[in-house]
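The structure appears right after this line, and notes come after that.
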Number of protein chains: 2
Amino acid sequence: MPDPVIRGPVTIEHVARRAGVSPSTASRALRNAPGVHARTRELVLRAARELGFAGPNWLARGLRTGESRVIAVEIESFTNSYYAELAEAIERKARHHGLLVVITTVPASEVDTAESSLRQLLRSGVAGLIHRPVTGWERRRRLLRELSACGLTVVIVGDDLTESDFPIVGVDTSQGVRLAIDHLYSLGHRAIGFLSPSDTCDRAVSYRASVRRYGLAERLYLVPSGIPVTEAAYQTALALLDAPDRPSAVLCFNDLIAVQMMQAARARGVRVPEDLSIVGFDDNAEARLLQPALTTVRIPKAEMGEKAVEIIIDAIARRLRGELSPEDKPVRVVYPTTLEVRGSTAPCAPAR
Amino acid sequence: MPDPVIRGPVTIEHVARRAGVSPSTASRALRNAPGVHARTRELVLRAARELGFAGPNWLARGLRTGESRVIAVEIESFTNSYYAELAEAIERKARHHGLLVVITTVPASEVDTAESSLRQLLRSGVAGLIHRPVTGWERRRRLLRELSACGLTVVIVGDDLTESDFPIVGVDTSQGVRLAIDHLYSLGHRAIGFLSPSDTCDRAVSYRASVRRYGLAERLYLVPSGIPVTEAAYQTALALLDAPDRPSAVLCFNDLIAVQMMQAARARGVRVPEDLSIVGFDDNAEARLLQPALTTVRIPKAEMGEKAVEIIIDAIARRLRGELSPEDKPVRVVYPTTLEVRGSTAPCAPAR
DNA sequence: CTGAAAGCGCTAACAA
DNA sequence: TTGTTAGCGCTTTCAG
């Protein structure tokens, strides 16, 4: 019998017909569902192979079962290596579990527009959303809660832990900041600045606490918003260097800002680490490329991404089992940070 | 009348019922399809708004119409900033056209395993695939052709243009290499090496041609495969530096390898650019962070990504119009490169 | 201009 | 163990 030509993807019905069984039997066999005679299963699998069956149509299956093999990730940008690392881990983990990953980017300039695309996600059979809070995130908690109410599992990934409505995967910011300040203090630094775009975020709060613990003065250098953050950080860094009471060490809000600090130092002829010690935060890939390499507080981004996926997979499984646990306290996973000591920090120069 | 509670996402039927019309009319109104009385449309839209209708379920619509609002991107890694830039542009363009982007990563170590996940894509209602060839890509042309035959538009993005079965978005490699060699030659360099993991790729071929054009000797330093490419590149770079006839300038296969070259030079105390000029390729983000900043051949990654999306959107539109053009010569878009002259190149030192 | 009916591909009940 | 039936939410004939 000549193979009947099948245009378009092969469906379960094709396989069933060829194997001489009903579609439902074919479906069961293909899914390894129980209650299929071994010989029948064989038959079906062979037919599938011969026809080049590529697996069931997920749209159809999803429509029928309500299941979903897709999770969504919302980040600010791919080219920020922090997010890239996070997304990579998420995708890897998801792939190993047979999940597809839809990535949506929400540029800071479009936080408002983004609502519609998130809603679309919901209607696209997405099982979960991994959300990394960005500027303006406060505005969308309502939306997120709404999505969550519609059965979509929302997981927050971030280091600000002031959140309790959703499962959250975060890091112990205050511990990380303490690591950095302890390191600088033990190198003899007593004038330790903090270069940050915010003075109310967890990192800033922790900085103040850490510095106070040693009885040191707070030296917060606030990066103004409005202009692109790198440019603003660079300007603020210059101002920091030009100030008469320039600190001997600076903790930067993150590595992106630390890069600007380094470049500003170079522009002013301030040697790092001899004249100025710099510590970053996050441990982005570029930290190691800088010259000198950047001492920084490492955030376990890969682990965090994987954990977020696990939480979603868990939620999916639980929902399948009918345990529609509405609000039994969202999970909170907090990772510790580590200090990566590299070349940008050194003992405080005695002569100042 | 109290709002009847609707659990789960609101469907078109809910909207229809509330508006007092049939589902088909609601569907038409929501889609802005012709043949709906203005007043009826109003009614439907209002009902939709009141119910918080978030748009039609794409699974259902896709199942019915065969349309798809999802495109897939296959890259090797997120953390390689080349791919990150590409993916970012793709996602942005896609988002602006209302398309969702599924990103699949194919680590070099898993090129074989990856087949199944690509097949899954096909069954997930994906309209197009943007494929950036990676190691082992030859092995999957068969698969790609198969997917393509099933109605999925495959677009290749890359700089090796030896491909004619699929639409391709690429760059003029030989022009780019010539740019680099011309630059070095005009700086007085006559011993120009090429540090590359392959001696048969377009870039290597172009290097040989360019160097021959000036009557210079070929100095190809081949990075062995098997071990991680960065490590291998570093070792080869050291060998290059230690050789008695060390070149005065090196063109690197890409910026990733150029980074290794820089670090090897630092390790050996060879000053860049005084003792050695280095040119990269791609213009990754890190090129600007290096010290000195890397002179490199810029590839317009963002434009390429956007163009790839356009090609897919075009194909979707054409298919909807029924123009199932089977094989009318795939599009080829070739971008020129530009040379970004930065600090890593300088006139050849006279004394050697 | 609107509604009723059918079906995209799949799977969960229920029957056999 | 297997087949039959129905329906997920939507769109698209085809009548009205």
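Since we're looking at a predicted model, the values are computed, not measured. All values below were derived from every heavy atom in this structure, side-chain atoms included, with hydrogens, water molecules and symmetry-related copies excluded. Just so it is clear: chains get the letters A, B, ... in the order the sequence lines come, proteins before strands, and each one is counted from 1.
Side chain of B:Glu91 to main chain of A:Thr105: a donor-acceptor pair is present (N/O by atom type, distance under 3.5 Å, no hydrogens or angles). Of the possible donor and acceptor atoms, none in the side chain of B:Ser124 sits under 3.5 Å from a partner among the backbone N and O of A:Trp58. A donor-acceptor pair is defined here as one N or O able to donate and one able to accept, closer than 3.5 Å; no such pair exists between the side chain of B:Thr79 and the backbone of A:Ala84.
A:Val21 places none of its side-chain heavy atoms less than 4.5 Å from the side chain of A:Val15.
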From CA spacing to verdict: side chain to side chain contact (heavy atoms under 4.5 Å, CB included), B:Ile168, B:Val333: CA-CA 6 Å; B:Ile168 183 165; B:Val333 184; over 6 Å; no

Steps toward side-chain hydrogen bond (donor to acceptor under 3.5 Å, both in side chains) verdict (A:Ser24, A:Ser27): CA-CA 5 Å; A:Ser24 46; A:Ser27 166; over 6 Å; no

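A search for salt bridge (Lys or Arg N to Asp or Glu O under 4.0 Å) contacts involving B:Arg46 returns B:Glu50, not counting sequence neighbours. With sequence neighbours left out, the salt bridge (Lys or Arg N to Asp or Glu O under 4.0 Å) criterion links A:Arg28 to no other residue. Residues forming a side chain to side chain donor-acceptor pair (under 3.5 Å) with B:Glu306 (at least two apart in sequence, or on another chain): B:Arg92. Annotation: salt bridge (Lys or Arg N to Asp or Glu O under 4.0 Å) contacts of B:Glu88 (sequence neighbours excluded): none.
Atom OG of residue B:Ser22 and atom CZ of residue B:Arg17 lie 11.5 Å apart, to the nearest 0.5 angstrom.
Taken over five-pair windows at either terminus, the axes of the helix from C:dC1-D:dG16 to C:dA16-D:dT1 are inclined to one another by 40° (rounded to 10 degrees).
Between chain B and DNA chain D, the heavy-atom contact criterion of under 4.0 Å yields a 5' to 3' nucleotide range of D:dG9 to D:dT13. You can see that DNA chain C meets the heavy atoms of chain A within a 4.0 Å-exclusive cut from C:dG9 to C:dA13, reading 5' to 3'.
Of the residues in residues 55-67 of chain A, those placing a heavy atom less than 4.0 Å from an atom of DNA chain C are A:Pro56, A:Asn57, A:Ala60, A:Arg61, A:Arg64, A:Thr65, in numerical order. Residues from residues 26-44 of chain A lying near DNA chain C, meaning a heavy-atom separation below 4.0 Å, are A:Ser27, A:Arg28, A:Arg31 in numerical order.
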Could you pull out all donor-acceptor pairs under 3.5 Å where a side-chain atom in residues 96-104 of chain B meets a protein atom, sequence neighbours excluded?
none

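Every pair tested for salt bridge (charged side-chain N to carboxylate O under 4.0 Å, His left out) that includes a residue from residues 60-73 of chain B fails, sequence neighbours excluded, so the list is empty. Residue pairs meeting the salt bridge (charged side-chain N to carboxylate O under 4.0 Å, His left out) criterion with at least one member in residues 307-317 of chain B, sequence neighbours excluded: B:Lys93-B:Glu310, B:Lys307-B:Glu310.
For the salt bridge (Lys or Arg N to Asp or Glu O under 4.0 Å) with B:Asp165, the lone residue among B:Arg142, B:Arg332, B:Arg145 that qualifies is B:Arg145.
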